[in-house]
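What follows is a short report on a single structure.
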Amino acid sequence: LSDFWGTYQTVHLLPYFGKFKVDSITGLRVEEFKTLKRSKGLAPKTINNMLAVISKCLNTAEEWLGIKTISKIKFLKVPPQKFNFLTHPQAQHLLKSADNILWRDMLLLALHTGMRIGELRALNWTDVDFNQRIITVRRNIVHDVIGTPKSNRERKIPMTEGVYSALIAWKNKMGFIFSLDNGNNPMNEKTPYRVMNRLCKKAGMRLIGWYVLRHTFASTLANNGATPRAIQELLGHTDLRTTLRYCHTTDASLREAISLLEPRKSPFLPKFEQQVGNAAENAIKNGMPTNSENARVLAQSKQKTPALD
C-alpha cells in the first residue's frame, strides 16, 4: 500500500497539481485531472483514491493556514465491488495445504475470527483469554507500524473449538503469536502475502489475498443465520452497510429461505404436530376421557398441513 500512495504522489498528483498554488486549484482543474486520468484508462476507484489525497491536502491548508479552497470535490461513481470468498471445501483444502503449524493456525484464525491481516500480525498472547475462550483485538499493524484497530476500538471474538484447540497446543505463549522469532517481533508485512501465494499454488487454487478469508468468515456466518449486527461486531465495522457488503448469500441459502414458506419445512411445525399427536394418542391409550375436541386434535395431527397459496 505504501508503494501505491508513493506512486499516486510522484506519478500522478505532483506532475499535475505541483505547478499550482493551493488557492488556484479550482473545481475545473480537478475535473480536468479526472478526465485526464480516465483517458489513460485508470479505474474510477483508483482515481477516487487520488482525489481523496487532494481533498485532504486542501482541507488541511484551509484549516491550518486559512487558505480558501474549493468547497467539495466530486468523486466518481464506482461500480459495486465483487467480493471474493471461499466455499467450505475450498477453505478446508487451503488449510490442508499449510506447510507448518504457524501458517495453518494463522489461516484458521483468519477463517474463524474474521481478523484483518494486520490484526493477526499484531496479535499477542496477552490478548488470548483461555478461561473465557475470548480473543480481544487491541492492535493493528499498517506499514509495519503498530496502532489501534481500524475502527479505533477494541473488540472481543469468542474462540471456536478449533481455534481454542490450536492455540492451547502452542508451547511458547509469550509475545506475538504469529512471529518468526519466538514472539519478539511481528512478522514482516510482505511475508504473509508471499506465503499465501505459495499455498494457493500448492493447493491448485486461484490466487487470493488474506482479505478473502475475512470475507469468507462473514459469508459463512450470514449463510448460517447470524444477524448482521452480530457480524458487524465481530468484524469491527462502525457502519452496518459495510458489513452487509461482506455478507455474500449463496444459492443454497436463498433456497433455504424460500423453503420456509413450505409449512413442512418449518423447523418447529413438524415437532409441534408430533407433540400434539403423541399427547392425544397417550390420552386414549391410558383410558382418559376424550371428547370431540380431543378427537379433532388427533385427526388434525395426522393430516398433512396444506401448502401456502
Return the minimal non-hydrogen interatomic distance between [X] and [Y], and the atom names on each side.
{"X": "Ala110", "Y": "Leu120", "result": "CB-CD1, 3.8 Å"}
{"X": "Asn140", "Y": "Pro149", "result": "CB-CA, 3.8 Å"}
{"X": "Leu108", "Y": "Gly162", "result": "CD2-O, 3.5 Å"}
{"X": "Ser97", "Y": "Leu199", "result": "O-CD2, 3.4 Å"}
{"X": "Leu213", "Y": "Leu86", "result": "CD2-CD1, 3.8 Å"}
{"X": "Asn197", "Y": "Ile208", "result": "OD1-O, 4.3 Å"}

Would you say the side-chain atoms of [X] pair up with the backbone N or O of [Y], donor to acceptor, closer than 3.5 Å?
{"X": "Asp129", "Y": "Ile134", "answer": "no"}
{"X": "His237", "Y": "Gln232", "answer": "no"}
{"X": "Ser55", "Y": "Leu51", "answer": "no"}
{"X": "Lys37", "Y": "Pro44", "answer": "no"}

Atom [atom1] of [X] and atom [atom2] of [Y]: how far apart are they, to the nearest 0.5 Å?
{"X": "Ile157", "Y": "Met159", "atom1": "CD1", "atom2": "CE", "result": "10.5 Å"}
{"X": "Phe178", "Y": "Leu102", "atom1": "CZ", "atom2": "CG", "result": "6.5 Å"}
{"X": "Leu123", "Y": "Ile177", "atom1": "CG", "atom2": "CD1", "result": "3.5 Å"}
{"X": "Phe75", "Y": "Asn49", "atom1": "CZ", "atom2": "CG", "result": "9.0 Å"}
{"X": "Leu107", "Y": "Leu94", "atom1": "CG", "atom2": "CG", "result": "5.0 Å"}
{"X": "Asp23", "Y": "Leu65", "atom1": "CG", "atom2": "CG", "result": "11.0 Å"}

Starting from the C-alpha separation in whole Å, work towards a yes-or-no answer on side-chain contact (heavy atoms from CB on, under 4.5 Å) for Met106 and Met115. CA-CA 10 Å; Met106 196 168 179; Met115 293 171 65; over 6 Å; no

Before giving the answer on side-chain contact (heavy atoms from CB on, under 4.5 Å), spell out for Lys40 and Leu36 the whole-Å C-alpha distance, their side-chain angles and the decisive distance to 0.1 Å. CA-CA 7 Å; Lys40 300 291 185 181; Leu36 174 64; 4.0 Å; yes

ILVMFWY network linking [X] to [Y], side-chain heavy atoms under 4.5 angstrom:
{"X": "Val137", "Y": "Val145", "answer": "no"}
{"X": "Met174", "Y": "Ile101", "answer": "no"}
{"X": "Leu28", "Y": "Val30", "answer": "no"}

Side-chain cluster (under 4.5 Å, hydrophobic types only) that Phe176 belongs to, other residues: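 Its cluster partners, ordered by chain and number, are Ile141, Ile146.
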
[X]: what forms a side-chain contact (heavy atoms from CB on, under 4.5 Å) with it, not counting sequence neighbours?
{"X": "Lys201", "value": "Leu207"}
{"X": "His93", "value": "Ala203, Met205"}
{"X": "Asn152", "value": "Thr148"}
{"X": "Asp181", "value": "Ser179, Asn184, Asn185"}

According to the ring-ring contact (aromatic ring centres under 6.0 Å, His included) rule, which pairs have a member within residues 103-133, sequence neighbours left out?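 The answer is Trp125-Trp170, Phe130-Tyr164.
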
Salt bridge (Lys or Arg N to Asp or Glu O under 4.0 Å) partners of [X], counting only residues at least two apart:
{"X": "Lys68", "answer": "Glu62"}
{"X": "Glu161", "answer": "Arg133"}
{"X": "Arg194", "answer": "none"}

Do [X] and [Y] make a side-chain contact, defined as non-hydrogen atoms from C-beta onward lying under 4.5 Å apart?
{"X": "His12", "Y": "Leu42", "result": "yes"}
{"X": "Gln132", "Y": "Lys156", "result": "no"}
{"X": "Arg229", "Y": "Leu240", "result": "yes"}
{"X": "Arg206", "Y": "Asn84", "result": "yes"}
{"X": "Asp99", "Y": "Lys202", "result": "yes"}
{"X": "Thr242", "Y": "Leu235", "result": "no"}

Does anything in residues 101-118 pair up under salt bridge (Lys or Arg N to Asp or Glu O under 4.0 Å), and if so which pairs, sequence neighbours excluded?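 Non-adjacent pairs meeting salt bridge (Lys or Arg N to Asp or Glu O under 4.0 Å): Arg116-Glu119.
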
Contact list for residues 134-145, test salt bridge (Lys or Arg N to Asp or Glu O under 4.0 Å), sequence neighbours left out: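 The answer is Arg121-Asp144, Asp127-Arg138, Asp127-Arg139, Arg138-Glu154.
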
Residues 13-21, side-chain donor-acceptor partners within the protein, below 3.5 Å, at least two apart:
| unit_1 | atom_1 | unit_2 | atom_2 | d |
| --- | --- | --- | --- | --- |
| Tyr16 | OH | Arg29 | O | 3.2 |
| Tyr16 | OH | Glu32 | OE1 | 3.4 |
| Lys19 | NZ | Tyr16 | O | 3.0 |

